[in-house]
Amino acid sequence: MDQKILTLAAGKSVDRLQEFLQTLKEDDLVNLLQSEAVKGEAVGALLRAIFKGSPCSEEAGALRRLKIYTSCIQLVESGDLQNEVASEIIGLLMLEAHNFPGPSLVKLANEFVDAIKEGSLMNGKSLELLPIILTALVTKKENLAYGKDELSGEECKKQLINTLCSGRWDRQYVVPLTSMFKDVPLTAEEVGFVMEKVLKMFSKLNLQEVPPLVYQLLVLSSKGNRKRVLEGIIAFFNELDKQHNEEESGNELLEVVTVPADELRHVEGTVILHIVFAIKLDCELGKELLKHLKAGQQGDFSNNICPFSIALLLSLTRIQRFEEQVFDLLRTSVVKNFKDLQLLQGSKFLQNLIPHRSCVSAMILEVVQNSVHSWDHVTQGLVELGFILMDSYGPKKILDEPIETSSGLSKTPKQQTCTLGADILLETFKIHEIIRQEILEQVLNRVVTRASSPISHYLDLLSNIIMCSPLVLQSCSSKVTETFDYLSFLPLQTVQGLLKAVQPLLKVSMSMRDSLILVLRKAMFASRLDARKSAVAGFLLLLKNFKVLGSLSSSQCSQSIGVSQVFVDVHSRYNSVANETFCLEIMDSLRRCLGQQADVRLMLYEGFYDVLRRNSQLANSIMHTLLSQLKQFYEPQPDVLPPLKLEACILTQGDQISLQEPLDHLLCCIQHCLAWYKSRVMPLQQEEEEEEEGFYQDLDDMLESITSRMIKSELEDFELDKSADFSQSTGIGIKNNICASLVMGICEVLIEYNFSISNFSKNKFEEVLSLFTCYKKLSDILNEKAGKGKTKTTSKTHDSFLSLNFVSELLTALFRDSTQSHEESLSVLRSSSEFMHYAVSAALQKVQQLKKTGHVSGPHGQNPEKIFQNLCDITRVLLWRYISIPTSVEESGKKEKGKSISLLCLEGLQKIFSAVHQFYQPKIPLFLRALDGPGDEGEEAEVSVTQRAAFQIRQFQRSLLNLLSSQEEDFNSKEAVLLVSVIASLSKLLEPSSPQFVQMLSWTSKICKENSREDASFCKGLMNLLFSLHVLYKSPVTLLRDLSQDIHGHLGDIDQDIEMEKTNHFALVNLRTAAPTVCLLVLSQAETVLEEVDWLIIKLKGQLSQETVSEESSSQATLPNRPIEKAIIMQLGTLLTFFHELVQTALPSGSCVDTLLKDLCKMYTILTALVRYYLQVYRNSRGIPKIMEKLVKLSGSHLTPLCYSFISYVQNKKTKSLKHTGGKKKEKAAAVAMAMARVLRETKPIPNLIFAIEQYEKFLIQLSKRSKVNLMQHMKLSTSRDFKIKGNILDMVLREDEEDEHDEDTASEHEGQNKEPAKKKRKKNK
């Protein structure tokens, strides 16, 4: 039969073939086809022949064709055929599809749809035919029967796709079906149906099946709906990540983890690659992605910006055209996120409205961790992002030296962003070996090339990188060695930071150490002073870190790196014996420095103590060096006064006079080294080593001799008596100034030396007091001379030579030592109030130095632990002294010049609290515990920080109340301001939700309400405290309204005929403090509230733009935002009443008026933003909330008309002030010019305000039209903008002016000034 069909088909006549086929039963034909297909022989030829003999023009032929077609599809799906045969059949069927009539196509398509819904397809191979059938269907223009309706081919296709997408899809067909749709001509609406269906299927698939589906979806997205595809993919993976994190952090052990981390990350990586590849081919997709994520920036982050989308963006940076945009987006997202978090932390009002925000920085660091799963396409982007954040937001150069905070506590959003950049780079460095070399190179390049700007953040990063893996970095040692070549050209601070950072590498790489030593030796003889200082710094660092055999293990070292993880005995050469030779060589090099400039010597003296402490075996070498240096300036004869050759310390080169030997620093170094040597080394030494101890005895004798002779010496012996010249303009004066500071420094060093060896002997304390007397005399002379002359030597007061540890011991002895045996000797020092005063001042100076630079001078000055311990001790003493002897008691006893000791103690406390907050935030619990004094540790640990802080606050509150209860003339303003500052510092430690915080707030409020003091600085401090507490409790708008009423009451109304009723909410507001102090404070606070409201409105707008909801659901879409909207309107309503009061107040010209006008402008801008938000919300003409109508009504009745009155008041006031400028003609012209300039400056905000009001009214009109509510009925257009020239008034003013000119001319004829130019000038200015 098959042969006959083939023979007939080969003939020319088709009719015979048709006739023969009609004689056959359809089932026989189908069976024949099946058997041929299974055999795989000539099935194609047979199929072609059957189709040839079944033309669609005849009904029978069309039916036969349809039957054969459907049976072929079943045959292919059965899976019984060989692949080649199945492909051949499918190919033939594709070619024949277009010949079918419309109804047959509809029938075929329906069969496919039913098969898919029922899941009866076996292998889905026949799905390739569906797009051909649907495409053929579209070409049929005639109406076809579809169900009960008659539809065109296009409409039939739409119905079929709709049915297909609303049915159930078997998992295995999802990818083929999605792939199939790319060949079907689809309208935008149909693409939408398909996308939604496919995106819903994501969650039903195995994870491994998602990447191919994503690929197909992306191909399909070229037909439209790109945004929806990207949204869906990002949302799906975001949800998966969240589930995965919850599972990982879940406490209970889950028996089955839904998705293994490894698999999830690999799938995400593949999907990201697919998306990036698709974007390379279709740029529109990239633009949509960026647009989608930018929109998410405004609204709620967590929907769009998530670890997956960040990883996707970072991969996108590999496409050049998107690189810059992506980094900009990520950078702004990070900074914005930090700013938002800062805003939220500072406002209880916002915290109540907005739940906790997601943190972008945590997401980026999560991406770094995830990138360990072969995300090579993300790592390069991560490194670039890290450097961009560090470059953009690192510390900027300011006039003073940048502060390097020891604790690295980030505060501002920019600092946090910079820290995040460093964290990204450090974590990436740890995880990805391949990128390490590049990160290290880039960091070192920046250290070298950006030497002029602050680079502490790069040095910190370098230090952390090296610490985490010093051995790994040996492979990159060539780059580090190369950097050493630039050492002599870099600033000293950079060199110190760099060497400190690479120091762990020097322990494991001998070649690196050798190359560094070569560079340092060269630098030692460089012409640049900084290079020589760098060499000294480098050598000192090496001495500190290469221990010689037998050195003490100094547990008190502040070693910045854990030596245990670095000191590897890989090379036998790195032993302590080799170190000894190496260190002694360096000591030889350093001795040569003692002949160089004072600055170089100074570095040596400051560094020797640390070297000795770390490397005690170098004691002999160091002590002998110092001894021989001192002998050059020491007078050995016991009766020669003064005991030191000060002349030799000063270098005179022509007119230039400079210090050559910092003798005070030399003595200071000797004193500290000696004290350490005696306390740490000598007790361990055996008696047989007596001959080695000679140097220490020599030094002791010399210091004793210097002490006794310094006491005997008069100022005349140093040629520094009152008659001496101390001016900075003459050579003698400069020389005397240098000598005086040397003598004062030496006195301080000797005070510490004698006190430390005194063992509370009365004689020693008398010597200490005599030394202090010498110091005091000189100090007084210098201050007196500086006061007379115009030089500012007082501002250059040298740092105290007393070490922080000694200051702490001295204060404890003076104020807290009650041991009976010490009583008599200590009374010597206690009898001198000047000495007590000096001791407290020294503590103050040390804390000031810590605040400014992050460390203090003297031993352990770089060790945060030691500094913290000393701070605790000093604070305890100062606190006890201030609380037990109040200023009032002390001052009533004797009136002295300068501050009393109690006041100094208070100032010290204020500075210490501020420094602890700045540098030791994590240690605050320890700090507060230390203030309570030693006690039962277990019991103490239970007391919270809030309780401890509240206890300390109560002590200062009592002091402030005592001060306020005194008479006005006895009121000590300085003390009150300091007390408020201390209370403010401590109140930051209170937990805002605690009862102690509420108590503190009510106490502050009560003080402000009940105490009236005409002291602006006290008022400012107290008001700032009140506001800072209030914002953490609730919004301060009602407080602002009350204060504005008080200000209005005290300053009076702009209309002088109105008699004011004085409100008295806050007694602190009075005629003296109302303006500018309180007025500017409330305005700045109002500005903060306006910023918060603005932030909320932007957030609401962002959410609106994200919600692409259908008409019916949009009615509920805004409901979740209702509480926020209501809160915004309530805030603005109360602020409106606040401004209502202030614009009626007769404010003095200047900053108050200026700030008020700017804030009013801001108020109207934000009202406009709110109106525009409602324009956006109510596109479907729904009414606006009643509360919004009330706000608009209030602004029209209570603010806008008054704003115009206030503008007129300001302008009239300026005109009057111009008229009152008088005096002689020249003076008057100058005064008028100045007044005019001031008027121009101060009236600048007026046009801006008028524009802002008009903009507000413009958008109100638009909202009225849209909402069908007449919002403009409460708005009265003002006449203040009527610029018509009133002729009668103009004549009158001109006449007055002419009379004035005439009077002046007759009064001052002798000046010979021509009248005409002056008149012209005035007119022009006007």
Side-chain angles (χ1 to χ4, degrees), residues 73-81 83 86-87 90 109-131 133-134 160-184 186 190-221 223 225 228-244 247 254-275 278 308:
I73 290 171
Q74 286 162 5
L75 197 59
V76 170
E77 280 300 320
S78 67
D80 298 337
L81 307 183
N83 280 344
S87 298
I90 292 284
N110 269 324
E111 281 181 16
F112 263 112
V113 170
D114 292 341
I116 291 165
K117 285 166 82 174
E118 289 160 17
S120 59
L121 291 175
M122 296 292 285
N123 60 13
K125 201 163 176 61
S126 61
L127 276 177
E128 292 175 32
L129 294 171
L130 188 53
I133 293 166
L134 291 172
L160 282 162
I161 287 174
N162 218 336
T163 317
L164 185 57
C165 290
S166 56
R168 194 179 73 82
W169 289 8
D170 205 289
R171 249 183 37 203
Q172 62 190 22
Y173 305 138
V174 178
V175 177
L177 276 169
T178 313
S179 167
M180 178 269 302
F181 276 115
K182 70 175 185 282
D183 300 323
V184 181
L186 299 172
E190 289 160 358
V191 173
F193 288 149
V194 176
M195 296 288 186
E196 289 304 328
K197 177 66 182 173
V198 177
L199 288 170
K200 276 182 196 161
M201 293 305 296
F202 268 34
S203 52
K204 298 188 174 70
L205 297 180
N206 284 337
L207 206 51
Q208 293 298 344
E209 295 169 323
V210 173
L213 179 57
V214 167
Y215 177 77
Q216 296 301 340
L217 250 186
L218 290 166
V219 174
L220 187 57
S221 72
K223 291 177 180 285
N225 262 27
R228 182 69 198 101
V229 171
L230 293 167
E231 261 177 34
I233 295 170
I234 289 171
F236 171 70
F237 282 106
N238 188 15
E239 200 51 47
L240 267 185
D241 278 343
K242 280 181 187 168
Q243 281 175 16
H244 181 72
E247 282 169 12
L254 295 165
E255 287 181 16
V256 181
V257 175
T258 327
V259 184
D262 202 32
E263 188 185 346
L264 174 61
R265 301 300 166 222
H266 278 110
V267 166
E268 285 181 342
T270 312
V271 167
I272 288 170
L273 282 174
H274 281 328
I275 298 175
F308 177 78

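No experiment lies behind these values; they were computed from the predicted model shown.
At least one side-chain heavy atom of L177 sits under 4.5 Å from a side-chain heavy atom of M180. Two residues are said to be in side-chain contact when any heavy atoms from C-beta on lie closer than 4.5 Å; I272 and F308 meet this criterion. A heavy-atom distance below 4.5 Å is found between the side chains of D241 and L264. Side-chain contact check for V191 versus R228: every heavy-atom pair is 4.5 Å or farther apart. Counting heavy atoms from C-beta outward, F181 and I161 have side chains that approach closer than 4.5 Å. The shortest side-chain heavy-atom distance between V210 and T270 does not fall under the 4.5 Å cut-off. At a threshold of 4.5 Å between non-hydrogen side-chain atoms, the residues V194 and T178 do not count as touching.
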Inset, instruction - Step by step, work out the side chain to side chain contact (heavy atoms under 4.5 Å, CB included) result for V174 and E209. - result: CA-CA 9 Å; V174 178; E209 295 169 323; over 6 Å; no

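A salt bridge does not link E190 to K223: none of the charged side-chain nitrogens sits closer than 4.0 Å to a carboxylate oxygen. Using a 4.0 Å cut-off between charged nitrogen and carboxylate oxygen, K204 and D170 do not count as a salt-bridge pair.
Here CZ of R168 is found 8.5 Å from CE of M201. Values are rounded to the nearest 0.5 Å. Rounded to the nearest 0.5 Å, atoms CD (E196) and OG (S166) are 13.5 Å apart. Here S179 contributes atom OG and L220 contributes atom CG; the two are 9.5 Å apart, rounded to the nearest 0.5 Å. Put simply, CG on L134 and CG on L186 are 8.5 Å apart, with the number rounded to the nearest 0.5 Å. From H266, atom NE2 reaches atom CD of Q208 across 10.0 Å, with rounding to the nearest 0.5 Å.
Across P211 and H274, no two heavy atoms sit closer than the pair O-CD2, 3.4 Å. Contact record, V229 with L199: O-CD2, 4.3 Å, taken as the closest heavy-atom pair.
Put simply, the side chain of H244 never gets that close to the backbone of L240: no donor and acceptor are under 3.5 Å apart. W169 contributes no side-chain N or O that, together with a main-chain N or O of K197, makes up a donor-acceptor pair within less than 3.5 Å.
Just one of I133, N110, L130, V184 meets the side chain to side chain contact (heavy atoms under 4.5 Å, CB included) condition when paired with L160; it is N110.
Donor-acceptor pairing under 3.5 Å is lacking for the side chains of K200 and S203.
Ring orientation note: the planes of F202 and F236 are nearly perpendicular, at an angle over 60° on the 30°/60° scale.
Within a 6.0 Å radius of CZ in F112, other residues, nucleotides and ligands contribute more than 12 heavy atoms.
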